[in-house]
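Below is one structure, written out as structure tokens; comments come after it.
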There are 2 protein chains.
Amino acid sequence: MHVTIKHVAKKAGVSPSTVSRVIADSPKISVATKKRVFETMKEMNYQPNIIARSLANRVTYTLGLILPSKDEEVFENPFFMQVMRGLSVYAKQKGYYIMYNYCRSEEEEVETIRHYMDSKWVDGIILTSTRIKDKSVDLLMKRDQPFVVIGRPEAQRDKVLWVDNDNVMAMENIVNRLIEQGHRKIAYIGGEQQFTVYRHRLRGYRQAIEQNGIDWDDRLVVEAEPTEQKAYEAMKQMLKIINPDAIVGTDDTVAYGAYKATIEAGVLGVAFAGFNNTPLSIYNNPTISTVDINAEKLGHYAAQVLIDQLEKNTTMERNIIVEANYIERESTLDYVRR
Amino acid sequence: MHVTIKHVAKKAGVSPSTVSRVIADSPKISVATKKRVFETMKEMNYQPNIIARSLANRVTYTLGLILPSKDEEVFENPFFMQVMRGLSVYAKQKGYYIMYNYCRSEEEEVETIRHYMDSKWVDGIILTSTRIKDKSVDLLMKRDQPFVVIGRPEAQRDKVLWVDNDNVMAMENIVNRLIEQGHRKIAYIGGEQQFTVYRHRLRGYRQAIEQNGIDWDDRLVVEAEPTEQKAYEAMKQMLKIINPDAIVGTDDTVAYGAYKATIEAGVLGVAFAGFNNTPLSIYNNPTISTVDINAEKLGHYAAQVLIDQLEKNTTMERNIIVEANYIERESTLDYVRR
DNA sequence: ATGAAAGCGCTAACAA
DNA sequence: TTGTTAGCGCTTTCAT
């Protein structure tokens with residue numbers, strides 16, 4: 001039979017509530033009994049039943065992680081894996097568990113969240129991507145559910161917990177650097193602006209262009225689904241009307257896809273840079289300049305911010321900006337243009 | 001206040017137990033009351049509290065997923081992500097949840113498993129890799145905990161639930177094909193044999209070599225940590241004593257690492273093939289021939305086999321072999337050797 | 001076919 | 001400092 005708090009109590013010659021207090025390390029228990037109870041717990045190899053504790057506490061020590069289910073994004077990009085590890089390591093250290101769910105659409109996302117909340121399964125929820133007008137965020141806000149966003153919600157930003165890079169600045173830095181290197185016709189290939197992350201990166205691009213007094217050229221800007229294939233096609237179109245001398249993409253695969261189109265078109269020496277420091281960027285020939293967004297840290301801090309809130313640790317910050325590092329490799333250095 | 005079974009009962013004019021029976025779809029409830037209760041449930045937007053149900057049932061509808069925490073493996077290789085999605089999709093459909101945990105070592109793995117069992121958090125456990133002498137497997141067996149292995153335990157194979165590829169045959173096929181293509185000095189670069197998967201792949205290599213009447217040559221076989229770097233170093237060593245005309249690696253990065261060493265050494269025209277159909281294999285130049293092990297299916301079936309056992313659905317099989325497909329690309333076709 | 005009541009294992013308010 | 005007792009929300013005998 002499974003050993004419960006009652007068995008321990010009986011054997012230690014105390015009441016169940018005393019045992020419970022010992023577990024909670026209540027300060028009102030004498031050191032003597034504490035010691036005795038602990039010993040019997042060891043002897044009997046007692047482990048608290050988390051489910052029972054959760055029911056009594058109305059707390060589960062479990063966080064729900066919402067993952068998007070786009071093949072390319074999730075599989076080719078280590079981003080999510082890194083985030084998951086960051087979350088896991090911190091959560092474990094704090095005694096929390098993480099459940100994950102893939103959601104194919106915004107509807108499924110909302111449904112999953114609703115289910116988590118109604119069934120009282122999780123104490124808090126982690127969102128790994130966010131749109132400008134995000135139904136999940138709205139729902140969570142309305143129901144007053146603790147949650148954290150990896151990325152940055154556009155609306156009610158001050159009321160929401162979030163952890164993000166400074167994507168505006170990250171992109172601005174790349175473009176500034178490219179300009180410094182002599183480029184003037186820099187193509188931007190990015191995801192759709194409904195996603196905050198892409199909106200920010202485009203903003204960074206725009207700011208760099210403007211700050212450097214370069215004329216804005218719509219023909220150099222493409223917003224599409226951020227996959228290699230789409231980027232490739234987009235660049236093919238672009239080349240019919242204008243030849244860029246550099247490319248920035250919101251992911252390594254995107255940058256590379258676009259670059260491939262320039263090669264095929266015989267437009268040589270185009271510099272290109274991406275985001276996410278994917279394996280592609282290391283293994284590709286030329287190696288790809290890219291921004292490491294420190295996904296594992298994003299996960300780590302997301303867990304931290306959320307757990308702090310759950311435990312009413314109000315001293316902690318509600319938002320964290322994780323640094324992003326631009327890694328220059330061959331694709332923007334001389335190698336590629338000789 | 002949160003709506004419970006009691007509220008529904010009162011509003012529907014029945015007892016809590018009746019509501020409970022309606023939820024469980026008990027056959028001894030009249031159709032009329034069933035309908036009425038269902039309606040009130042909708043009206044009140046009632047959702048069962050999973051924790052309470054779990055406590056009463058002594059069942060959590062949750063599976064624990066154990067992940068290794070080696071950087072290279074977990075991040076550069078979409079294997080785990082794909083497995084996770086396969087698991088998630090099937091589990092969700094069956095009403096199960098999945099918790100995941102990264103474990104840095106076999107000890108941490110054992111500790112995590114023990115914790116899951118003792119605290120009664122999960123109904124079943126999923127292992128994503130397995131050694132020849134696996135402490136986790138031993139523990140789970142001893143405690144009679146339901147679990148499934150992705151991969152194949154060496155010991156007590158008939159008593160354990162597992163889902164795996166036929167790694168012997170997969171490797172045998174590659175090597176046979178390379179031999180058919182005229183290669184005779186085929187280097188094998190693989191992980192250590194303490195992991196079942198690598199033991200099997202080496203066996204497949206050996207069988208193909210022997211079947212084709214090729215003399216066994218120890219100098220062509222390397223077992224090391226399966227990373228690009230180690231493979232690169234290993235090949236550098238090998239080239240001092242023998243030049244292979246083809247390379248098989250137990251992962252794309254491994255095959256590529258070894259190949260890189262041949263290029264640097266000026267040994268040209270070496271064919272190479274890997275495993276896992278990673279992004280690297282598609283983006284690399286040349287593209288890499290590789291085995292797609294259908295990781296998402298592995299996950300899917302693992303969940304299925306485990307849940308079947310949990311629900312005592314004894315009609316289902318206890319082990320499943322998922323097909324592995326060899327994808328020939330440039331690295332073993334003429335392109336690379338011209 | 002339905003209800004009353006006990007219990008899953010733990011916590012916490014109230015007493016002592 | 002410790003014990004008693006009444007829940008947490010749901011399931012499940014045992015009656016009726």
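Lettering of chains follows the sequences in order, A, B, ..., and the numbering in each one begins at 1. None of the values given here were measured: they were computed from a predicted structure.
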Using a 4.0 Å heavy-atom cut-off, does [X] contact any base of the nucleic acid, only the sugar-phosphate backbone, or nothing at all?
X: A/Leu55; result: base
X: B/Val19; result: nothing
X: B/Thr33; result: sugar-phosphate

Fill in: Gap between atoms CG and C1', on B/Asn49 and C/dG9 respectively (whole Å)
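Atom CG in B/Asn49 sits about 15 Å away from atom C1' in C/dG9.
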
Fill in: Atom pair distance, as rounded to whole Å: CD1 in B/Ile51 and C1' in C/dT11
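B/Ile51 atom CD1 is separated from C/dT11 atom C1' by 15 Å.
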
Practice prompt. Using side-chain contact (heavy atoms from CB on, under 4.5 Å) as the criterion, list what pairs up with B/Lys10, not counting sequence neighbours.
Written response: none

Worksheet entry | Donor-acceptor under 3.5 Å (B/Tyr100 side chain, A/Met84 main chain) |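 Yes: the side chain of B/Tyr100 pairs with the backbone of A/Met84.
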
Worksheet item: Does any pair with a residue in residues 110-127 of chain B pass side-chain hydrogen bond (donor to acceptor under 3.5 Å, both in side chains), and if so which ones, sequence neighbours excluded?
Response: A/Lys92-B/Thr112, A/Tyr97-B/His115, B/Thr60-B/Asp123, B/Asn101-B/Tyr116, B/Asp118-B/Arg143

Fill in: Close residues, residues 34-44 of chain B, relative to DNA chain D [heavy-atom separation under 4.0 Å]
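Going residue by residue through residues 34-44 of chain B, none turns out to have a heavy atom under 4.0 Å of DNA chain D.
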
Worksheet entry | Pairwise 5' ranking along DNA chain D for A/Arg58 and A/Val14, keeping only the more 5' one |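 The residue whose closest nucleotide sits nearer the 5' end is A/Val14.
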
Worksheet item: Which of these nucleotides, C/dT2, D/dG3, C/dC10, is closest to any side-chain atom of B/Ser30?
Response: C/dT2

Worksheet item: Which nucleotide, C/dC10, C/dT2, D/dT11, lies nearest any side-chain atom of A/Ala52?
Response: C/dC10

Practice prompt. Please determine if a side-chain N or O atom of A/Thr4 lies less than 4.0 Å away from the OP1 or OP2 oxygen of C/dG9.
Written response: no

Worksheet item: Of all heavy-atom pairs between A/Phe79 and A/Ala295, which one has the smallest distance, and what is that distance?
Response: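 Closest approach of A/Phe79 to A/Ala295: CD1-CB, 3.6 Å.
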
Worksheet entry | Heavy-atom pair with the smallest gap, counting every atom of B/Val122 and B/Gln145 |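 Where B/Val122 meets B/Gln145 most closely, the heavy atoms are O-NE2, 4.1 Å.
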
Fill in: Between B/Ser17 and B/Ser20: side-chain donor-acceptor atoms closer than 3.5 Å
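Result is no, nothing qualifies.
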
Worksheet entry | Listed partners of A/Ser26 passing side chain to side chain donor-acceptor pair (under 3.5 Å), at least two apart |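 For A/Ser26, no residue satisfies side chain to side chain donor-acceptor pair (under 3.5 Å) once neighbours in sequence are set aside.
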
Close N/O contacts between protein and nucleotides 12-16 of chain D (under 3.5 Å):
| unit_1 | atom_1 | unit_2 | atom_2 | d |
| --- | --- | --- | --- | --- |
| D/dT13 | O4 | B/Arg21 | NH2 | 3.0 |

Worksheet, complete the sentence: As a check of understanding: the bend across the helix from C/dA1-D/dT16 to C/dA16-D/dT1, end axes from five pairs, rounded to 10 degrees, works out to 40°

